[in-house]
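These numbers were taken from a predicted model, which means no experiment stands behind them.
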Amino acid sequence: QVQLIESGGGLVQAGGSLRLSCVASGFTFSSFALGWFRQAPGKEREFVASINWSGDWTDYGDSVKGRFTISRDNAKNTVYLQMNSLKPEDTADYYCAARWDPRGIRGSAEYDYWGQGTQVTVAS
């Protein structure tokens, strides 16, 4: 059974940091590209970051570039999202996703497996 379980969300003050983790099971983690997406209330799901199978290629949405860092540890079946300089507009539910392809991509429809999400709230 495929599972993606996010953790690390919470309430943080503007300018603070959080590190999200997503632990995967039930599939060959190292063969999959991974992504982070977010969805704020009343808004569409937004691409945040993507990483290829080996971790040597990454991509970021314009709104988080320079502040967020995606990384992965294939030995631990885990993908991370380090979020720095958080802003109130970063408030959303954050989801990790896995794509059965070595290459990362921005389109959410291209991802095969999804986690349940973890909530991030940034207070001003």
Side-chain angles (χ1 to χ4, degrees):
Q1 181 182 1
V2 172
Q3 284 190 309
L4 293 167
I5 301 175
E6 302 97 335
S7 63
L11 173 64
V12 63
Q13 294 293 315
S17 298
L18 282 174
R19 188 194 196 201
L20 305 184
S21 300
C22 175
V23 179
S25 61
F27 62 96
T28 307
F29 183 81
S30 59
S31 297
F32 282 65
L34 302 164
W36 284 97
F37 294 80
R38 67 187 183 186
Q39 188 165 17
K43 295 188 176 181
E44 293 186 353
R45 187 167 292 183
E46 177 189 10
F47 168 76
V48 175
S50 181
I51 189 167
N52 71 340
W53 69 278
S54 61
D56 61 0
W57 177 92
T58 57
D59 185 28
Y60 296 92
D62 290 342
S63 61
V64 306
K65 199 172 295 183
R67 300 188 296 123
F68 290 12
T69 302
I70 188 172
S71 61
R72 66 189 294 165
D73 185 337
N74 286 346
K76 296 182 178 180
N77 282 10
T78 302
V79 59
Y80 304 97
L81 185 69
Q82 177 66 44
M83 305 187 296
N84 298 329
S85 302
L86 283 161
K87 305 175 181 180
E89 51 264 44
D90 294 318
T91 295
D93 292 326
Y94 283 72
Y95 300 88
C96 69
R99 176 175 188 245
W100 189 60
D101 190 290
R103 302 164 297 173
I105 199 168
R106 295 188 173 199
S108 60
E110 301 297 323
Y111 286 80
D112 301 290
Y113 305 130
W114 290 83
Q116 293 299 306
T118 185
Q119 188 174 54
V120 172
T121 303
V122 184
S124 58

Can you list the steps and then say if Phe68 with Tyr60 is a ring-ring contact (aromatic ring centres under 6.0 Å, His included)? CA-CA 8 Å; Phe68 290 12; Tyr60 296 92; 8.2 Å; no
Which is it for Val120 and Thr91 under the side chain to side chain contact (heavy atoms under 4.5 Å, CB included) test, yes or no, and what are the steps along the way? CA-CA 5 Å; Val120 172; Thr91 295; 5.9 Å; no
Cationic tip of Arg72 within the cone over Phe29's six-membered ring, i.e. under 6.0 Å and within 45° of the normal? yes
Ser7 and Arg19: side-chain donor and acceptor closer than 3.5 Å? no
Establish, from distance only, whether the side-chain atoms of Asn84 and Ser17 form a donor-acceptor pair under 3.5 Å. yes
Any [X] side-chain heavy atom under 4.5 Å of [Y] side chain:
X	Y	answer
Cys96	Trp114	no
Arg103	Trp53	no
Gln116	Ile5	no
Ile70	Val79	yes
Leu18	Leu86	yes
Tyr111	Ser50	yes
Met83	Thr69	no
Trp36	Glu6	yes

Determine whether the aromatic ring centres of Tyr95 and Phe37 lie less than 6.0 Å apart. no
Please assess Arg67 against Asp90 for the test side chain to side chain contact (heavy atoms under 4.5 Å, CB included), listing each intermediate value before the final yes or no. CA-CA 11 Å; Arg67 300 188 296 123; Asp90 294 318; 2.7 Å; yes
Taking all non-hydrogen atoms of both residues into account, name the closest pair between Ala14 and Ser124 and its distance. CB-CA, 4.3 Å
Return the minimal non-hydrogen interatomic distance between Asn74 and Asn77, and the atom names on each side. O-OD1, 3.2 Å
So does [Y] get a backbone contact from the side chain of [X], meaning a donor-acceptor N/O pair under 3.5 Å?
X	Y	result
Thr78	Val23	no
Thr118	Gly9	yes
Asn52	Asp56	yes
Glu46	Gln39	no
Tyr94	Gly8	no

Salt bridge or not between Lys65 and Asp62? Use side-chain N to carboxylate O under 4.0 Å. yes
Under 4.0 Å between a side-chain nitrogen and a carboxylate oxygen: does that hold for Asp93 and Arg38? no
As a quick check of understanding, evaluate side chain to side chain contact (heavy atoms under 4.5 Å, CB included) for Ile51 and Trp57, giving each step before the final call. CA-CA 6 Å; Ile51 189 167; Trp57 177 92; 5.8 Å; no
Measuring from atom OG of Ser25 to atom CD of Gln3, what distance do you get when rounded to the nearest 0.5 angstrom? 4.5 Å
Would Arg99 and Leu34 count as a side chain to side chain contact (heavy atoms under 4.5 Å, CB included) here? Give the steps. CA-CA 6 Å; Arg99 176 175 188 245; Leu34 302 164; over 6 Å; no
Any chain of hydrophobic side-chain contacts (each under 4.5 Å) joining Trp100 to Leu4? yes
